[in-house]
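Report on the structure given below.
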Amino acid sequence: MAAILVVDDQSSARTTLALLLRHRGHLVREADSVTAAVRELRTEAFDVIVTDLRMPDGVGLDVLHMAKVHCPDANVILLTAYPAWESAKEAMRRGAFDYFEKGQEPEGLFRRIDRALEEQASRRRIGLASLATHPAPPASPEGEHRYLTVLFADMRGSTELLADLDLDEARQILDGVIERLMAAAHEVGGTVNQVMGDGIMAMFGAPVAQPDHAARACRAALRMQETVAAYARALHGSHRAEVQIRVGINSGEVIVRSVASDLRWDYTAVGMPTHVAARMEQLATPGSIVITAETLAQIEARVDVRPLGRVVVKGLTEGVEAYEVLGWPAITEIDPPRLRGGMSEGLICAARRREP
């Protein structure tokens with residue numbers, strides 16, 4: 001049994017679907033507009049949201065956006081009369097779980113709902129296992145200040161991928177990328193606190209404090225590039241898609257908020273360092289990793305980087321020094337970061353101060 005929200009301005013279609021879902025044992029709420037759906041999302045928790053694409057006061061993408069804000073655990077299925085329509089593809093890129101073409105037998109929609117619930121149950125099991133290993137701090141709406149490292153990673157050209165491939169095929173590829181990004185973050189103790197349609201946001205240093213959070217983030221990024229590149233090579237024989245990711249990393253003091261639900265804790269980091277990390281991701285070219293001088297200064301090991309100069313970041317008048325990560329050589333002792341193409345004197349001095 002699941003809690004399902006059905007959103008459709010056509011009363012006959014909405015009522016029929018709701019009756020069929022109730023007959024299958026689900027708890028169903030109905031909304032006849034985007035506005036009504038938002039009211040439901042603000043007051044109730046749902047496992048699955050099935051929403052029409054076009055309604056008088058908005059579109060299904062608006063429902064998807066509000067679901068990510070008010071009900072982030074829910075899986076959203078978009079109903080469309082045109083399975084290849086651009087809005088259906090955009091919904092998949094933004095994180096919709098699936099789409100369903102109107103006019104088809106309802107059993108096809110029920111199978112999609114079942115898959116959405118299976119995927120959700122799997123996520124919750126992972127969340128519970130993580131909770132058992134790393135107990136979360138008390139939930140606090142105000143949050144706490146924490147110096148940590150934030151990583152953003154996404155897939156290059158996901159929009160083009162969705163445009164060129166069947167949506168089921170594109171979703172399968174995107175899911176494979178997301179799985180590898182999450183696995184790489186988890187391998188080094190990172191917390192994936194946000195999954196977008198084509199990428200993730202991860203934190204290192206929360207909820208469990210990690211003195212080497214910056215190094216963990218860089219190692220995770222290198223692992224992401226390695227595993228996604230292998231995945232792309234494996235896909236080459238059966239798909240024409242070009243699969244590459246870009247990664248951006250920054251360190252700094254943020255406000256970390258923990259929000260409790262019945263089954264798990266969710267975390268989010270608020271502050272300029274998070275914004276800067278997202279900007280580093282935007283700056284990165286496909287297949288590359290870009291970090292800030294702040295992150296570089298925190299790494300207690302040698303890393304090969306290439307200076308990119310000072311880049312503009314909205315909200316910071318002086319911009320930020322950025323570096324492309326080229327590799328992490330195997331070493332047995334701590335020494336200063338090795339830069340190809342030069343190093344600022346301040347960073348050299350900082351690195352020397354860390355020498356034993």
Task: Listed partners of Ala221 passing side chain to side chain contact (heavy atoms under 4.5 Å, CB included), at least two apart - done: Leu151, Val247, Ile249, Ile289
Open item on the list: Just to verify, what does Glu321 make a side chain to side chain contact (heavy atoms under 4.5 Å, CB included) with, not counting sequence neighbours?
Closed with: Ala293, Arg310, Tyr323
If you draw a 6.0 Å radius around [atom1] in [X], do more than 12 non-hydrogen atoms from other residues or ligands fall strictly inside?
X	atom1	answer
His70	NE2	yes
Gln104	CD	yes
Arg111	CZ	no

TODO: State, without any angle test, whether Asp57 and Thr35 hold a side-chain donor-acceptor pair at a distance under 3.5 Å.
DONE: yes
Open item on the list: If only side-chain N and O atoms count, and only distance matters, is there a donor-acceptor pair under 3.5 Å linking Glu294 with Tyr147?
Closed with: yes
Euclidean distance, [Y] [atom2] relative to [X] [atom1], rounded to 0.5 Å:
X	Y	atom1	atom2	answer
Thr51	Met66	OG1	CE	13.0 Å
Arg29	Leu41	CZ	CG	11.0 Å
Met201	Leu181	CE	CG	14.5 Å
Thr292	Gln298	OG1	CD	9.0 Å

Task: Flag, side chain of Thr16 to backbone of Ala13, donor-acceptor distance under 3.5 Å - done: no
Open item on the list: Quick check against the 3.5 Å criterion: does Thr295 have a side-chain atom that pairs as donor or acceptor with the backbone of Ser251?
Closed with: yes
Open item on the list: Given Glu187, which partner from the list Arg219, Arg223, Met224 fulfils the side-chain contact (heavy atoms from CB on, under 4.5 Å) test?
Closed with: Arg223
- [ ] Could you walk me through whether Asp52 and Lys102 pass the salt bridge (charged side-chain N to carboxylate O under 4.0 Å, His left out) test, one step at a time?
- [x] CA-CA 9 Å; Asp52 192 15; Lys102 283 187 169 183; 2.9 Å; yes
Between [X] and [Y], what is the shortest heavy-atom contact and its length?
X	Y	answer
Asn250	Pro273	ND2-O, 3.1 Å
Leu20	Phe110	CB-CZ, 3.7 Å
Ile49	Ala67	CD1-CB, 3.5 Å

TODO: Assess whether salt bridge (charged side-chain N to carboxylate O under 4.0 Å, His left out) is satisfied between Arg24 and Asp114, documenting all intermediate values.
DONE: CA-CA 11 Å; Arg24 291 170 63 89; Asp114 289 343; 3.3 Å; yes
Open item on the list: Between Arg54 and Asp8, does any side-chain N to carboxylate O distance fall below 4.0 Å?
Closed with: no
- [ ] In plain terms, say whether Arg115 and Asp98 are close enough for a salt bridge, that is, a side-chain N and a carboxylate O under 4.0 Å apart.
- [x] yes
TODO: Kindly indicate, with the supporting measurements, whether the criterion side-chain contact (heavy atoms from CB on, under 4.5 Å) is fulfilled by Gln244 and Met155.
DONE: CA-CA 6 Å; Gln244 287 183 299; Met155 179 176 160; over 6 Å; no
